[in-house]
Structure formats: C-alpha cells, structure tokens
2 protein chains.
Amino acid sequence: MFQAIADPTRRSLLQLLVDQEIPVKDIAGHYPMSRTAVSKHLRILSEAGLVVERKVGRETRYRLDPEPLLELKRWLAYYERYWENRLQALKRLVEADESVHPRGE
Amino acid sequence: MFQAIADPTRRSLLQLLVDQEIPVKDIAGHYPMSRTAVSKHLRILSEAGLVVERKVGRETRYRLDPEPLLELKRWLAYYERYWENRLQALKRLVEADESVHPRGE
DNA sequence: AAATTATGAAACCATTTGGTTTCACTTATT
DNA sequence: AATAAGTGAAACCAAATGGTTTCATAATTT
C-alpha cells in the first residue's frame, strides 16, 4: 500500500478515479505514457486494493476503493500526537513570550 | 516524502526515533543490515525532513520530526470523505436489512 | 465472416533502489 | 603521540521499477 501510493502517477490515478468508473483506454488518455504503462500502474493499485476493476464487454473499468487508506490513517494517527505535542510546545512558547511582550505594546 | 515512507525499514526508523535522539551506531544496532545501509536510510529520511540530525562530538544523533507528515494528513483527508460515504452507504444497507429482519428475530 | 477495438501478457531496457565493502576523516581515549 | 571509535563518501552489485514495443485474444461493429 505504501509502495502503491509512493508513485506520483498512481496517486494521480487515484484522484482521477475518485467517483467515476473509467475504462482503461479513457484513463490512459490523461497520461503522456503508453496505455500499457497505465495498465501496469492500475494493476499495482488493484493489488493494493486501492482500485476495483470490472469487466464490461471488451473494456475493463476501474474505480477507486479508498478502504485500504484506513491503514494509512491509522499509521498516521500514531505520529499525530507527536506533532501535536510540538505544536503545543510552540504555542506555550509564544504565550510565554506574550506575557513578557503583551500584544499591542 | 511518499517515497521516504514507502520503505519498511525507514518506517521502522521513524518509530524508533519517535521521542529519542539516538546516535547512528545505536540505531544500526537494531537492524540486520550494515551501519552504512542504515546511514543511507537516515539520509533519505533527513532529506524528506522526517528526521533531524545533530552532531555531538564524533557521533551524529537523529530524532523524528513528524512535521512533513502533515502533508500526508492533508492528502489523506481528501479521500477520507469517500470512504466515509462508503461506510454510510453500508450502514444504510444494514439498517434497511434490519427493517426486514429485525434484530432478535 | 471480416475488420476493428480494448486489453493484458511478454520480452526487453535504462534507471533507481537497497544493500555491500573499503577507505578517509574527525573526535575521543589511553 | 598513538590508537580506537563513529561516521560518511565512493565504488560496486543484484534486484526492483517504470517505461517501451510487439503479439495474442476476446468482444464489437460492419
């Protein structure tokens, strides 16, 4: 999953597929690379579960499945409190300084 | 940044440096690879701003700087509403089903 | 039935990545 | 002053990555 979203093209694909189901040909139209290359990116996203494919006639349509991003959210939540600590420490510094140099002085 | 956290060793390093400042030698002790390899991972994290280095005598100590993860949080927030939509859709389905098969039946 | 369209698989290629070993350099320690 | 310790830079290597082109196959259109 982390690997899947590491590539900028793939992140762009996720955004494109956010609430539409699009066939490979049309997806590829948005990118400067070959259709095959796009197809390979889609496969990687699919293996990460970030995208769902559905065959309709001779085309394969893809759409976003954001569910695996929950893992990322959990991972991130772990660090969130640390940067909150940092921000709070900063805030305390600012406030301490204000008691010495009150606003409007 | 996305690239930096794509590697499992580097994610592990972030966790290790969460609230300690540790010299390279000690960091490397936690990993099966060479000190040089760990050092290269640390450099990548450092370039992404996820880690801060400080030279103390002959050693270089590292600690986490979670600030760049804010970008990840923002990226994630964009998709958050989509999976919330999905969860709500699921919830509606379950509730609709319960009106047909009430609980305790 | 023949031609066209949409696609993935395969073979290939250059570059990046994650690792190694060796070496030089700076900072302790004895 | 000599030795040891902590580190990064450099050269090197195998494997992974992101791309290409070509080909086979299945579905659609004519």
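Here is how names work: the chains are called A, B, and so on, in the same order as the sequence lines, proteins then strands, and each is numbered from 1. Because only heavy atoms are used, hydrogens play no part in the values below, and waters and symmetry mates are left out as well, while side chains stay in.
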Practice item. Provide, to the nearest angstrom, the distance between the CG atom belonging to Leu42(A) and the C1' atom belonging to dG19(D). Key: 15 Å

Exercise for review: Figure out the CG/C1' separation between Leu13(B) and dG19(C), and round it to whole Å.
Suggested key: 14 Å

Nucleotides 25-29 of chain D: which of its N/O atoms have a protein N/O under 3.5 Å away?
residue: dA27(D); atom: O3'; partner: Arg58(A); partner atom: N; Å: 3.4
residue: dT28(D); atom: O4'; partner: Arg58(A); partner atom: NE; Å: 3.4
residue: dT28(D); atom: O4'; partner: Arg58(A); partner atom: NH1; Å: 2.8
residue: dT28(D); atom: O4'; partner: Arg58(A); partner atom: NH2; Å: 3.4

Practice item. Taking only heavy atoms on the protein side, list every residue of residues 14-26 of chain B lying under 4.0 Å from any atom of DNA chain D, sorted numerically. Key: Pro23(B), Val24(B), Lys25(B)

**Study point:** Shortest non-hydrogen contact from Phe2(A) toward Ile5(B)
**Key:** CD2-O, 3.7 Å

Check your understanding: Which part of the nucleic acid, if any, lies within contact of Ser39(B), taking any heavy atom under 4.0 Å across all strands shown: a base, the sugar-phosphate backbone alone, or nothing?
Key -> sugar-phosphate

Practice item. Between Arg35(A) and Ala6(A), just flag the one whose closest nucleotide in DNA chain D comes earlier from the 5' side. Key: Ala6(A)

Point to revise | Verdict with supporting geometry, Tyr62(B) and Ser46(B), side-chain hydrogen bond (donor to acceptor under 3.5 Å, both in side chains) | key: CA-CA 9 Å; Tyr62(B) 285 88; Ser46(B) 177; 5.7 Å; no

Check your understanding: Would one find a side-chain N or O of Tyr62(B) under 4.0 angstrom from OP1 or OP2 of dG8(D)?
Key -> yes

Practice item. Test side chain to side chain contact (heavy atoms under 4.5 Å, CB included) on Trp75(B) and Leu69(A) and set out the steps. Key: CA-CA 11 Å; Trp75(B) 183 84; Leu69(A) 294 179; 3.9 Å; yes

Review point. If you take all heavy atoms of Leu13(B) and His41(B), which pair is closest and at what distance?
Key: CD1-CB, 3.6 Å

Taking only nitrogen or oxygen atoms into account, show me every contact under 3.5 Å that the protein makes with nucleotides 11-14 of chain C, one pair per line with its distance.
none

Check your understanding: Looking at Val38(B) and Ala28(B), what are the two nearest heavy atoms and their distance?
Key -> CG2-CA, 4.0 Å

Review point. How many Å lie between NE2 on His41(B) and C1' on dG8(D), as a whole number?
Key: 15 Å

Practice item. Looking at every strand, decide which applies to Thr60(A) at a 4.0 Å heavy-atom threshold: base, sugar-phosphate, or nothing. Key: sugar-phosphate

Practice item. Please report the C-alpha distance between Leu16(A) and Ile27(A) in whole Å, then the side-chain angles of each, then the deciding distance to 0.1 Å, and finally whether the side chain to side chain contact (heavy atoms under 4.5 Å, CB included) criterion is met. Key: CA-CA 8 Å; Leu16(A) 178 64; Ile27(A) 299 173; 4.0 Å; yes

Pairs under 3.5 Å (N/O, protein and nucleotides 15-17 of chain D):
none

Check your understanding: With a 4.5 Å limit on heavy-atom distance, are the side chains of Arg11(B) and Pro8(B) in contact?
Key -> yes

Study note, to complete from the structure: Leu42(A) and Val51(A) have their tightest heavy-atom pair at O-CG1, 4.0 Å

Review point. So how far is it from Leu45(A) CG to Asp7(A) CG, rounded to the nearest 0.5 Å?
Key: 8.5 Å

Check your understanding: If you round to the nearest 0.5 Å, how far is CD of Glu53(A) from CG of Asp65(A)?
Key -> 12.5 Å

Practice item. Assess whether one donor atom and one acceptor atom, taken from the side chain of Arg61(B) and the base of dG6(D), lie less than 3.5 Å apart. Key: no

Revision key, fill the gap. The reported gap from CG in Leu70(B) to CG in Leu76(B) (rounded to nearest 0.5 angstrom) is 12.5 Å

Point to revise | Within residues 43-55 of chain B: residues closer than 4.0 Å to DNA chain D (heavy atoms) | key: Arg43(B)

Study note, to complete from the structure: Closest non-hydrogen atoms of Ala48(B) and Pro68(B), given as atom of the first, atom of the second and distance, are O-CG, 3.5 Å

Point to revise | Qualifying residues under side-chain hydrogen bond (donor to acceptor under 3.5 Å, both in side chains), relative to Glu21(B), sequence neighbours excluded | key: Arg54(B)

Exercise for review: Ignoring backbone atoms, test whether Ser34(A) places a side-chain nitrogen or oxygen under 4.0 Å from the OP1 or OP2 oxygen of dG19(D).
Suggested key: no

Study note, to complete from the structure: Shortest non-hydrogen pair, Gln20(B) vs Arg63(B), comes out as O-CB, 3.6 Å

Check your understanding: Would you call Arg43(A)-Glu47(A) a salt bridge at under 4.0 Å N-O?
Key -> yes

**Study point:** N-O pairing of Glu59(A) and Lys25(A) below 4.0 Å
**Key:** no

